[in-house]
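In what follows, residues are counted from 1 in the order of the sequence shown.
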Amino acid sequence: MTDKQKKIAMKRQKTVRCQGCGEILPQEGDLSGIEYVKTKRNSEWFFHTECFENVWRRKIC
């Protein structure tokens with residue numbers, strides 16, 4: 001997914017939090033360290049690349 005597509009997906013939500021650490025993600029600027037996943041239930045998850053392992057161990061933010 002390109003940065004432009006990530007920005008469009010982020011604008012659909014009020015606030016975007018990292019699912020791994022819970023930190024609020026910036027919606028502007030460089031998004032190269034942010035990953036995006038769309039689940040089977042059409043939930044959109046954003047998280048830092050380095051928080052990948054923590055995403056599945058934590059409750060949904």
Side-chain angles (χ1 to χ4, degrees):
M1 178 174 258
T2 64
D3 283 349
K4 185 177 180 182
Q5 292 171 330
K6 286 181 194 174
K7 286 180 185 178
I8 292 169
M10 287 178 139
K11 287 185 180 181
R12 286 187 228 139
Q13 300 179 3
K14 292 179 184 176
T15 57
V16 180
R17 292 186 175 270
C18 173
Q19 294 297 321
C21 65
E23 181 181 322
I24 295 176
L25 299 174
Q27 295 184 0
E28 301 287 326
D30 185 30
L31 301 177
S32 61
I34 299 173
E35 302 297 327
Y36 169 83
V37 174
K38 188 167 187 177
T39 64
K40 291 179 185 178
R41 296 181 178 155
N42 289 329
S43 298
E44 296 176 328
W45 288 11
F46 294 92
F47 53 90
H48 296 111
T49 305
E50 54 273 351
C51 294
F52 176 72
E53 293 295 323
N54 299 333
V55 171
W56 313 116
R57 297 180 190 145
R58 192 180 155 113
K59 292 183 179 182
I60 298 172
C61 296

Sequence neighbours left out, what passes side chain to side chain contact (heavy atoms under 4.5 Å, CB included) with Gln5? Give chain and number order.
Met1, Thr2
Yes or no on side-chain contact (heavy atoms from CB on, under 4.5 Å) for Gln19 and Val37, after CA distance, side-chain angles and deciding distance?
CA-CA 11 Å; Gln19 294 297 321; Val37 174; over 6 Å; no
With side chain to side chain donor-acceptor pair (under 3.5 Å) as the rule and sequence neighbours excluded, what pairs involving residues 24-33 come up?
Asp30-Ser32
Taken in chain and number order and not counting sequence neighbours, the residues that satisfy salt bridge (charged side-chain N to carboxylate O under 4.0 Å, His left out) with Arg12 are Glu44
Can you tell me how far CG of Asp3 sits from CG of Leu31, rounded to the nearest 0.5 angstrom?
5.0 Å
Answer with yes or no whether the hydrophobic clustering places Tyr36 together with Ile8; edges join I, L, V, M, F, W, Y residues whose side-chain heavy atoms lie under 4.5 Å apart.
no
Step by step, work out the side-chain contact (heavy atoms from CB on, under 4.5 Å) result for Met10 and Phe46.
CA-CA 9 Å; Met10 287 178 139; Phe46 294 92; 3.6 Å; yes
Which heavy atom in Gly29 sits nearest to a heavy atom in Lys7, and how many Å separate them?
O-CE, 3.9 Å
